[in-house]
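Ligands are counted one by one from 1 in listed order, and the atoms in each one are counted from 1 as well. No hydrogens, no waters, no symmetry mates; every other heavy atom, side chains included, goes into these values.
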Amino acid sequence: MDSNLDFHSVRDRVFGDLGLFQQVSGLYDGQWVAGEGRGLIAIHSPINNECLAEVAVAGEKDYDRLIERAWASFDEWSRVPAPKRGEVVRAIGDRLRAYVDSLGLLVTLEVGKTPVEGKGEVQEMIDIADFAVGLSRQLYGMTIASERQDHRLYEQWHPYGVVGVITAFNFPCAVWSWNAFIAAVIGNVVVWKPSPSAALTAIATTNIVNDVLDEQGLPPLFFLAVDGAGEIGQRMSSDSRLPLLSFTGSVRTGREVAARVGERLGRSILELGGNNAAIVTPEADMEIALRGVAFGALATAAQRCTTTRRLILHESLSDSFLPRLVEAFRNVKVGSPLESGVLVGPLIDSRAVDGYSSAIGRAEAAGGQVLVGNSVLALPGLEGGNYVAPTLIEGLPPDSDIVSEETFAPILYVFRYSDLQEAFAIHNCVPQGLSSAIFSNNLREVEAFLSVIGSDCGLASVNTGTAGAEIGGAFGGEKETGGGRESGSDAWKAYARRQTVTVNYGDQLPLAQGVTFDVN
Ligand code: UN1
């Protein structure tokens, strides 16, 4: 962007384009339910703490009605042939193309992403819609050779029914779409509980996608229930009317969700915290490494689950790479994302700022030295905004408590290594296992990182950062990250019920394993 944008004119334009008002409903159960008698939550922009709108939240009774209606939609939708369902998702993707700017800017206003990242968020929805259209003709099942004569054995995949999706503020619509569009082409109906901090993006998105269905005379498929204090999320976890629940969020809440879903023997897809590291070896292209680490560590103000939180640097690079990174951290422009040249916007709220300060305090107490940063910024004209300085900290033991935690703020911990085995040990010593990267042009180093002794994460990148995955691959991670996979590759199978089918087309009844059972 080459010029500054004015907050209020952007807000007015975006609200106009997307049909948002000062007070909006956060409950879509096949239609938008009026706010009367319901609780309200205020949505503040992290840019300047201004109230953008108030959202009416769903109550207990609302939730039950919504689930009933979602199942009624499922009866109809699940019988539409999959390629026809794909056509519907194609139309949804096309409609989203018309909203890249306005929805992208709403993401900027509501969660503070730069406009280019806000647009990227909508682009990610369009990409997964395209993927889902192709998938709608590729829901392949396997055929297995039967051991019995005149028998056919094969697998088919059915939708589960109504699928719950709980998302975090940091990817306020893209992560929902990874789940929702894939689930929908399989024949599922989706109930979404977004983060209350990003409710407006969820409301606008729900509006756009259901309009398309409405125009085509189809039932609503994308239900929405914004809640205030997590009560709907808890209902969803315990509700056996949701055979599958996809949850993106913290490890702490993920544990509770997993326990509740496990208690009722339901299925869950968990995409929890990351604690991602980049290894930079002496054989790296230093320009690529610098940009890759900076993007990974600072994009989205370090509020991605894929954010680079740890840098594992070869000791020989202490006087070359490290000073350049310190300079990059010092010089990167922090401020309102509506201002030209800003790469690091605000944190989502004041609690996140407290989390930043307390993490740095704990790191210092544990022996860490701050190389740059450690300051909460009061920016002129943006009082009430949640701005902090990108921070680099070195000197901590790699397995210290504070390093083992995911702090959603721009703090990068630096460690040094002398041989690659040591780098891998540092890399894998945290409890999370989402994303990882190595910067090196040495085949041996790279392949060792990708081998079983290397990265223990769900995502491993070479000469590109830990953040910014494409939708075509399966996304998710190991250990405390929860093991779920979403988005591309064959992640769709998690949204479908596998059925093994045996057909006897002969005139005998041979039994498997040679068993005989003659009743006469
Ligand atoms: C997340 O932070 O929950 O790979 C998802 C990335 C994005 C998705 C991040 N495509 O950084």
Side-chain angles (χ1 to χ4, degrees), residues 104 107 110-114 116-131 165-182 192-195 197-198 201-202 205 246-254 257 269-278 291-309 343-345 347-348 352 406-410 412 432-437 455 457-462 464-478 480-489 491:
V107 171
E110 192 174 34
V111 304
K113 292 193 188 196
T114 58
V116 71
E117 285 193 43
K119 271 192 198 177
E121 172 94 22
V122 186
Q123 187 59 47
E124 202 156 333
M125 287 207 282
I126 295 166
D127 292 345
I128 199 76
D130 287 351
F131 181 92
V165 179
I166 300 179
T167 56
F169 78 87
N170 63 333
F171 275 81
C173 50
V175 168
W176 167 78
S177 71
W178 295 353
N179 289 277
F181 296 164
I182 302 288
W192 183 10
K193 194 216 79 75
S195 158
S197 310
T201 304
T205 305
S246 167
F247 174 82
T248 303
S250 68
V251 170
R252 192 178 51 78
T253 313
V257 169
I269 300 175
L270 300 173
E271 206 251 280
L272 312 178
N275 194 348
N276 319 297
R291 286 183 53 207
V293 170
F295 171 73
L298 299 176
T300 323
Q303 299 170 108
R304 294 191 189 210
C305 53
T306 52
T307 293
T308 308
R309 309 214 175 270
L343 291 180
V344 179
L347 297 183
I348 189 68
E406 179 191 44
T407 303
F408 244 40
L412 180 64
Q432 307 85 348
L434 179 56
S435 188
S436 58
S455 162
C457 291
L459 309 169
S461 298
V462 177
T464 188
T466 58
E470 301 177 19
I471 57 95
F475 184 96
E478 302 306 324
E480 286 189 359
T481 302
R485 291 296 185 279
E486 297 173 347
S487 191
S489 184

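Listed by chain and residue number, His427, Ser436, Phe449, Cys457, Ala460 satisfy the side chain to side chain contact (heavy atoms under 4.5 Å, CB included) test with Ser455 (two or more places apart in sequence, or in another chain). In this structure, the side chain to side chain contact (heavy atoms under 4.5 Å, CB included) partners of Ala469, at least two apart in sequence or on a different chain, are Phe475. For Phe295, the side chain to side chain contact (heavy atoms under 4.5 Å, CB included) criterion is met by Ala299, Arg304, Ala467, not counting sequence neighbours.
In this structure, Ser435 contributes its side chain and Thr466 its backbone to a donor-acceptor pair below 3.5 Å. Formation of a donor-acceptor pair under 3.5 Å by the Glu121 side chain with backbone atoms of Val107 is not found in this model. Lys119 places no side-chain N or O within donor-acceptor distance of the main-chain N or O of Thr114, the cut-off being under 3.5 Å.
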Pairwise, report which nitrogen or oxygen atoms of ligand 1 are under 3.5 angstrom from protein nitrogen or oxygen atoms, and how far apart they are.
unit_1   : atom_1 : unit_2 : atom_2 : d
ligand 1 : 2 (O)  : Asn170 : ND2    : 3.2
ligand 1 : 2 (O)  : Cys305 : N      : 2.8
ligand 1 : 4 (O)  : Gly468 : N      : 3.2
ligand 1 : 4 (O)  : Ala469 : N      : 2.7
ligand 1 : 10 (N) : Glu124 : OE2    : 3.2
ligand 1 : 10 (N) : Ala469 : O      : 3.3
ligand 1 : 11 (O) : Arg304 : NH1    : 2.8
ligand 1 : 11 (O) : Thr306 : OG1    : 2.7
ligand 1 : 11 (O) : Gly468 : N      : 2.9

